Amino acid sequence: MKGKAGGARRARSGRADALAGGAVYSSRLENHRMADKQDEKKVTARSVDFAAWYNEIIARAELADHSPVRGCIVFRPDGFAIWEALRDELDRRIKKTGARNAYFPLFIPQSFLHKEAQHVEGFAPEVAVVTHGGGKELEEPLIVRPTSETIINYMFAQWIHSHRDLPLMINQWCNVVRWEMRTRPFLRTTEFLWQEGHTAHATKAEAEREALTMLEVYRAFVEDYLAVPLVTGRKSAAERFPGAEETYSIESLMGDGRALQCGTSHYLGDNFARAFEIRFLDTQNQLQHPHQTSWGVSTRLLGAIIMSHGDDQGLRLPPAVAPLQAVIVPIWRKAEEGEPVLAAARAARDTLEGAGVRVRLDDREGLTPGFKFNDWEMRGVPVRIEIGPRDVAARNAVLARRDRLGREGKATASLDGLAAHVSALLDDVQQSFYTQARDAMRANTRQFDDYAKFRAQMEGEGGGGMADVYWCGSAACETRIREETRATCRAIPLGQSGAAGRCLVCGEAAQERAFFAKAY
RNA sequence: CGGGGCGUGGCGCAGCCUGGUAGCGCACACGCUUGGGGUGCGUGUGGUCGCCGGUUCAAAUCCGGCCGCCCCGACCA
């Protein structure tokens with residue numbers, strides 16, 4: 001963080017210099033200082049330096065902090081509360097599909113990883129290995145799970161004997177470790193939190209259906225609850241999970257024009273069942289390997305929320321997951337006005353709390369209302385309630401919504417029926433965040449039939465956006481795109497009508513369109 | 001691992017060239033003031049200047065070595 005923040009500061013100092021450039025020489029230094037001082041209060045504008053903006057709001061909104069171990073982050077209470085809120089809701093939705101929660105160990109015998117060829121090839125380079133314990137070298141090293149397919153399937157082999165044991169649907173919430181070369185808070189950290197579902201089914205068709213069911217669970221959850229718009233589809237062979245027959249993905253487009261994989265669901269075939277010798281007797285008394293799936297989303301979703309909704313003013317949190325949905329800022333001028341205002345504010349808080357709104361009364365002393373407005377906006381609170389002497393006299397409150405800044409987003413509401421007003425407003429803000437993000441994604445998604453234009457777009461500033469193109473499906477064309485533009489295949493939408501076209505790259509017949517973008 | 005840069009209170013930086021009392025902004029604490037969009041003023045807390053060694057009467061500053069971090073590249077289920 002040190003250096004990254006430093007970069008941000010330097011960028012802003014540069015801007016201050018530019019502003020002071022026209023001033024007379026004698027006052028230049030002074031101007032520089034003043035510009036710097038005002039800048040100090042603001043976050044780096046999102047449009048000026050997206051990466052610096054991202055790091056800054058995580059720090060200033062107190063979502064996370066860096067740990068002494070490279071690539072690991074500490075979730076601070078406000079950041080963890082977002083995770084808890086989304087975890088609780090997703091957990092409900094997962095259980096509704098029939099999966100049950102369990103917990104498998106952090107440590108896995110190293111040899112397990114080697115049982116599935118593609119799986120080991122995919123994960124070996126980024127696995128942390130424990131070689132010592134109890135003061136001596138271990139007979140067999142343990143790996144710290146990068147994902148739990150191996151240990152879970154080892155157990156499945158002991159639990160599954162009959163078609164009556166199927167389907168077996170297990171989910172676990174846990175931490176995993178992957179030794180990544182480059183890390184970014186939430187988006188790619190050495191250790192991260194996630195849920196991983198693992199299922200085993202009697203038939204291929206049933207497992208394939210399960211993978212798609214979970215894709216839809218994720219899509220609905222992320223779009224409705226996190227207000228993050230998505231494109232969905234299956235992955236190309238190159239982007240597939242190691243050991244999977246098919247990988248499905250939900251993908252979103254961030255504010256800087258880069259795509260983010262928000263969750264995946266895999267149809268694993270019987271690859272792991274064979275590797276771990278999971279067999280069951282079917283109704284014909286025949287020994288069979290079950291067909292399997294796995295699916296997961298991680299704390300990366302916090303990064304998606306931040307980058308999808310945040311603006312120049314800071315964080316913007318969808319009401320569904322916001323730790324604080326509404327904040328009440330009391331306002332008064334003369335001392336004798338204080339108590340009536342505070343009394344009204346407390347009453348409003350109690351009313352809202354009673355209605356299930358996550359609300360806080362900001363009665364901190366010595367801070368101006370203006371400061372508090374900016375502070376809570378920076379922290380992403382969706383609704384602000386202002387109560388001053390004028391409001392108390394009129395039995396009103398001013399409601400300000402985070403999706404529309406300034407006077408435009410303010411409206412007066414009666415203190416009677418405040419809870420209903422606020423609840424409706426929260427629903428509206430939630431919807432508004434989704435609509436705004438969806439429109440931004442659409443505006444940044446383009447169709448291309450000319451490879452040169454596609455290339456120019458991907459090379460341009462702003463991350464390139466999402467490209468919707470015909471692709472023949474060959475690895476050669478995919479590789480060429482990646483090497484020449486750094487864009488990768490994000491998803492191939494399902495259920496395409498079959499209207500054929502010409503491959504963007506080679507011009508040969510193409511049966512499907514695919515989304516390509518530069519990704520996190 | 002290759003190229004570039006940086007290590008000075010919690011954060012951001014100046015001071016180093018030309019050795020001699022460690023400084024500024026923010027944050028923090030206290031007081032007054034202010035309060036419908038980042039109030040203002042005052043007082044104060046906090047630093048063995050990354051580490052080790054050398055030169056010197058004297059090292060943040062000069063010299064040597066080491067360590068760490070960041071950026072670009074390689075890599076990224």
Side-chain angles (χ1 to χ4, degrees), chain A residues 1-13 16 29-30 32-44 51-52 55-56 59-60 65-66 68 70-71 113 116 118-127 146-147 149 176 178-184 187-190 192 194 196 235 238-244 247 249 261 264 266 294 296 298 300 313-314 329-335 337-338 341 362 364-378 384-392 396-398 400 405-407 409-410 412 482 486 488 518-520:
Chain A
M1 180 51 123
K2 219 169 188 173
K4 280 176 184 167
R9 304 282 172 183
R10 275 194 292 283
R12 274 184 296 153
S13 296
L29 182 64
E30 193 57 30
H32 179 103
R33 282 210 181 119
M34 287 171 69
D36 239 4
K37 192 173 169 183
Q38 281 172 10
D39 269 10
E40 200 67 41
K41 295 174 180 172
K42 291 193 173 170
V43 262
T44 299
N55 288 329
E56 248 177 76
R60 293 187 52 174
D65 211 340
H66 290 268
R70 182 185 150 74
L113 189 65
E116 212 287 333
Q118 291 170 45
H119 197 64
V120 63
E121 198 181 319
F123 281 107
E126 56 189 67
V127 159
T147 178
E149 267 75 9
V176 290
R178 301 179 188 182
W179 219 263
E180 303 287 357
M181 305 197 76
R182 261 180 105 160
T183 59
R184 301 197 61 191
L187 301 176
R188 178 175 285 109
T189 49
T190 301
F192 58 92
W194 77 343
E196 49 178 323
K235 285 288 189 186
E239 299 286 325
R240 210 174 276 155
F241 176 77
T247 289
S249 168
Q261 177 176 298
T264 49
H266 316 288
S294 68
S298 73
R300 172 180 271 192
Q313 204 66 267
V329 178
I331 300 159
W332 72 88
R333 190 179 298 269
K334 305 183 199 104
E337 291 170 340
V341 164
D362 185 358
R364 288 178 292 175
E365 289 174 23
L367 295 173
T368 63
F371 179 90
K372 293 177 180 176
F373 295 174
N374 283 283
D375 191 39
W376 293 112
E377 274 169 11
M378 187 269 294
R384 178 180 70 245
I385 300 165
E386 306 171 14
I387 298 180
R390 295 203 297 268
D391 303 301
V392 172
N396 281 339
V398 173
L405 291 175
R407 192 158 287 281
K410 290 195 187 186
T412 302
R482 179 167 52 79
R486 297 181 68 80
T488 51
K518 287 196 271 191
Y520 274 97

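Source: prediction; values computed, not measured. Proteins get letters first, then strands, A, B, ... in listed order; numbering begins at 1 in each.
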Figure out the CZ/P separation between A:Phe371 and B:C26, and round it to whole Å. 13 Å
Measure all distances between protein nitrogen or oxygen atoms and nitrogen or oxygen atoms of nucleotides 32-36 of chain B, and list the pairs falling under 3.5 Å.
| from | atom 1 | to | atom 2 | distance (Å) |
| --- | --- | --- | --- | --- |
| B:G35 | OP1 | A:Arg333 | NH1 | 2.6 |
| B:G35 | O2' | A:Trp332 | O | 3.0 |
| B:G35 | N2 | A:Leu367 | O | 3.3 |
| B:G36 | N7 | A:Arg390 | NH1 | 3.3 |
| B:G36 | O6 | A:Pro389 | N | 3.4 |
| B:G36 | O6 | A:Arg390 | N | 3.1 |
| B:G36 | O6 | A:Asp391 | OD2 | 3.2 |
| B:G36 | N1 | A:Asp391 | OD2 | 2.4 |
| B:G36 | N2 | A:Glu386 | OE1 | 3.1 |
| B:G36 | N2 | A:Asp391 | OD2 | 3.3 |

Looking at every non-hydrogen atom in both residues, tell me the closest pair between A:Pro389 and A:Ile331 and how far apart they are. CD-O, 3.0 Å
Opposite nucleotide pairing with B:G2, Watson-Crick or G-U, both atom distances under 3.5 Å: B:C72
If we take the P atom in both B:A74 and B:G68, what is their distance in whole Å? 24 Å
A:Gln118 near the nucleic acid: base, sugar-phosphate alone, or nothing, with a heavy-atom cut-off under 4.0 Å? nothing
At less than 4.0 Å, is any side-chain N or O atom of A:Arg486 found next to OP1 or OP2 of B:A74? Yes or no. yes
Looking for any heavy atom pair under 4.0 Å, which part of the strands does A:Glu126 touch: base, sugar-phosphate only, or nothing? base
How far does the C1' atom of B:G53 sit from the matching atom of B:C1, given to the nearest Å? 29 Å
Atom C1', compared across B:U34 and B:C70: separation rounded to whole Å: 42 Å
Distance between the P atoms of B:C16 and B:A22, in whole angstroms? 16 Å
Tell me every residue that passes side chain to side chain donor-acceptor pair (under 3.5 Å) with A:Arg482, counting only those two or more places apart in sequence or in another chain. none
What residues, two or more places apart in sequence or in another chain, satisfy side chain to side chain donor-acceptor pair (under 3.5 Å) together with A:Gln261? A:Lys235
Under 6.0 Å from the CH2 atom of A:Trp194, do we count more than 12 heavy atoms belonging to anything else shown? yes
Sugar-phosphate only, base, or nothing, as touched by A:Phe241 at under 4.0 Å among non-hydrogen atoms: sugar-phosphate
Between the protein and nucleotides 42-44 of chain B, list the N/O to N/O atom pairs that are separated by less than 3.5 angstrom.
none

Using a heavy-atom cut-off of under 4.0 Å over every strand shown, decide if A:Arg482 touches base, sugar-phosphate, or nothing. nothing
For B:A59, which nucleotide in any strand shown is its Watson-Crick or wobble partner with both distances under 3.5 Å? none
The Watson-Crick or G-U wobble partner of B:G23, with both key distances under 3.5 Å, is B:C13
Taking the C1' atom in each of B:C71 and B:C66, what is the distance between them to the nearest angstrom? 23 Å
Residues A:Ala52 and A:Thr44: closest non-hydrogen pair is CB-CG2, 4.4 Å
Greater than 12 external heavy atoms within 6.0 Å of A:Arg486's CZ: no
What integer distance in Å separates A:His66:NE2 from B:C11:C1'? 13 Å
So, using ring-ring contact (aromatic ring centres under 6.0 Å, His included) as the criterion, who are the partners of A:His119 when residues are at least two apart? A:Phe123, A:Phe241, A:Phe272
Pairwise P distance for B:G46 and B:A58, with rounding to whole Å: 29 Å
Watson-Crick or G-U wobble partner of B:C41, both distances under 3.5 Å: B:G31
On a heavy-atom basis, which atom in A:Pro146 and which in A:Val176 lie closest, and how many Å separate them? O-CB, 3.7 Å
Mind checking if A:Gln313 touches a base, just sugar-phosphate, or nothing, with heavy atoms under 4.0 Å? base
From CZ of A:Arg240 over to P of B:C76, roughly how many Å is that when rounded to an integer? 17 Å
NZ or CZ of A:Arg300 within 45° of A:Phe192 ring axis and under 6.0 Å: no
On a heavy-atom basis, the closest approach of A:Val43 and A:Gly314 is CG2-N, 4.1 Å
B:G65 to B:C24 separation - C1' atoms, rounded to the nearest Å: 33 Å
What distance, rounded to whole Å, do you find between the two P atoms, one in B:G12 and one in B:C30? 25 Å
Could you tell me which nucleotide pairs with B:G7 by Watson-Crick or G-U wobble geometry, both distances under 3.5 Å, or answer none if nothing does? B:C67
Can you list everything that forms a side chain to side chain donor-acceptor pair (under 3.5 Å) with A:Asn374? Sequence neighbours excluded, please. none
Return whichever of A:Phe192 or A:Arg182 has its heavy-atom-nearest nucleotide of RNA chain B closer to the 5' end. A:Arg182
